[in-house]
Amino acid sequence: MTVASWVLHVDLDQFLAAVEVLRRPELAGRPVVVGGKGDPTQRAVVATASYEARRFGVRSGMPLRTAAARCPDAVFLPADNAHYEAVSQEVMAVLRARPGVVVEVMGWDEAFVGADTDDPEALAAEIRGAVRAATRLECSVGIGDNMLRAKIATEFAKPGTGGGAYRLTAANWAEVMFDRPTRALWGIGAKTARKLADRGIHTVRELAGTDPAALAAELGPALGPWYVQLGRGIGRAEVEGTPWVARSRSHETTFQTDLADWADVREQVVALARRVAAEIRAEDRPAARVAVKVRFTPFSTYTRSATLEAPTLDADRFAAAALEVLEKFTSRRPVRLLGVRAEFTRP
DNA sequence: TCTGGGGTCCTAGGACCC
DNA sequence: TCTGGGGTCCTAGGACCC
């Protein structure tokens, strides 16, 4: 056996629902839907549905109202982000505790692990056991020769389809992926899949065989060639362990009742700006730009932004700048959502 | 059944400068 | 006389992901 460099993608199963069931064991086996304030009559969407709820067709991103229609017996729970963040950190600590590994966190419920080993399946089994022992949570592990393949491999490792781990490398990429739609690739969404289909590219095989320069001309100088690389299973192989430096900080709110009075809109923008300002001050990261997002009824969404005269940590100045940007909007249609974002200077 | 919240990166056009 | 080409910043929008 030779020691090689591997990428493992660790993905917690039905994370939010599983965490809620842990603190309320009587919910085990029941359809559980986590999202919003846990009130399916409110404007909010599903953050995570348990596998039992998914059997009724409940999916992430679906309005809670729809989820309730599909699964009237589901238990609806409010999202408790602070708790999920804490549990997530426990899991990441378990991953980082393995000797010699590099961990790159991708969200609350997933991380890449870079490791040199002659038996990645054994490492995957060790990780699953360690996470289970420390947190009582289940996870699936994708094994790959780069991050793209490891990430996609996780889909084949999930409960119901896989046995907890799955290996996807250059050796079986064509066999496993070539007949699948381009949408199966990490980075190709519904819109891009349609654009590719319009050009006669439906499968991963067809994408892999496309001339990168031709796609550059049609879909952009960077994106076009990148899509072809995705089709070929090529991606970053080095997992980065250095802490992520955020580019921006933002808050947004969807109002349960649209704001019809522009005075209320101004007031809410100031409140959001002050929340953002408090956070960037706590992080000591001055805002260089401010952006304001407005979603009018029914759903048209626009963003306006401006570079500040000088980067600032001052809440009054930041809020004033946000109000100034808000004035770039001239429509006075009812407002469904407001957002304020601070962008940091690039180091 | 009307569509959350928090992010990142890419693209393209225009301004502006040399 | 009304024409060049490159580089960079600013801004808005699009797309994707968790």
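Proteins get letters first, then strands, A, B, ... in listed order; numbering begins at 1 in each.
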A:Leu8 reachable from A:Val102 in the ILVMFWY side-chain graph, under 4.5 Å edges: no
A:Arg55 NZ/CZ over A:Tyr51 ring centroid, <6.0 Å and within 45° of normal: no
Sugar-phosphate, base or nothing in reach of A:Leu337, heavy atoms under 4.0 Å: sugar-phosphate
Residue mapping more 5' on DNA chain B - nearest nucleotide basis, A:Glu252 or A:Gln42: A:Gln42
Partner residues of A:Phe156 under the ring pair (Phe, Tyr, Trp, His ring centres under 6.0 Å) criterion, sequence neighbours left out: A:Tyr166
Sugar-phosphate only, base, or nothing, as touched by A:Ala306 at under 4.0 Å among non-hydrogen atoms: sugar-phosphate
Sugar-phosphate, base or nothing in reach of A:Asn81, heavy atoms under 4.0 Å: nothing
Short side-chain donor-acceptor distance under 3.5 Å, A:Ser305 and A:Arg289: yes
Touch class at under 4.0 angstrom, heavy-atom based, for A:Arg249 against every strand present: sugar-phosphate
Side chains of A:Val46 and A:Arg59 in contact at under 4.5 Å (non-hydrogen atoms): no
Touch class at under 4.0 angstrom, heavy-atom based, for A:Gly36 against every strand present: nothing
Sugar-phosphate, base or nothing in reach of A:Pro221, heavy atoms under 4.0 Å: sugar-phosphate
Paired and unpaired positions of DNA chain B as dot-bracket, Watson-Crick or G-U wobble under 3.5 Å, | denoting a partner strand: ....||||||||||||||
Touch class at under 4.0 angstrom, heavy-atom based, for A:Ala246 against every strand present: sugar-phosphate
Touch class at under 4.0 angstrom, heavy-atom based, for A:Ala47 against every strand present: nothing
Sugar-phosphate, base or nothing in reach of A:Trp186, heavy atoms under 4.0 Å: sugar-phosphate
Touch class at under 4.0 angstrom, heavy-atom based, for A:Arg295 against every strand present: sugar-phosphate
Nearest-0.5 Å distance, CZ of residue A:Arg167 to CD of residue A:Glu121: 4.0 Å
Modelled atom types, side-chain donor and acceptor of A:Thr41 and A:Asp39, under 3.5 Å: yes
Pair A:Arg333, A:Ser300: side-chain N/O donor-acceptor within cut-off below 3.5 Å: yes
Of A:Arg65 and A:Lys293, the one whose closest DNA chain B nucleotide lies more 5': A:Arg65
Sugar-phosphate only, base, or nothing, as touched by A:Thr253 at under 4.0 Å among non-hydrogen atoms: sugar-phosphate
Side chains of A:Asp11 and A:Thr154, donor plus acceptor under 3.5 Å: no
Start and end of the DNA chain B segment that chain A contacts, any atom under 4.0 Å from a heavy atom: B:dT1 to B:dT11
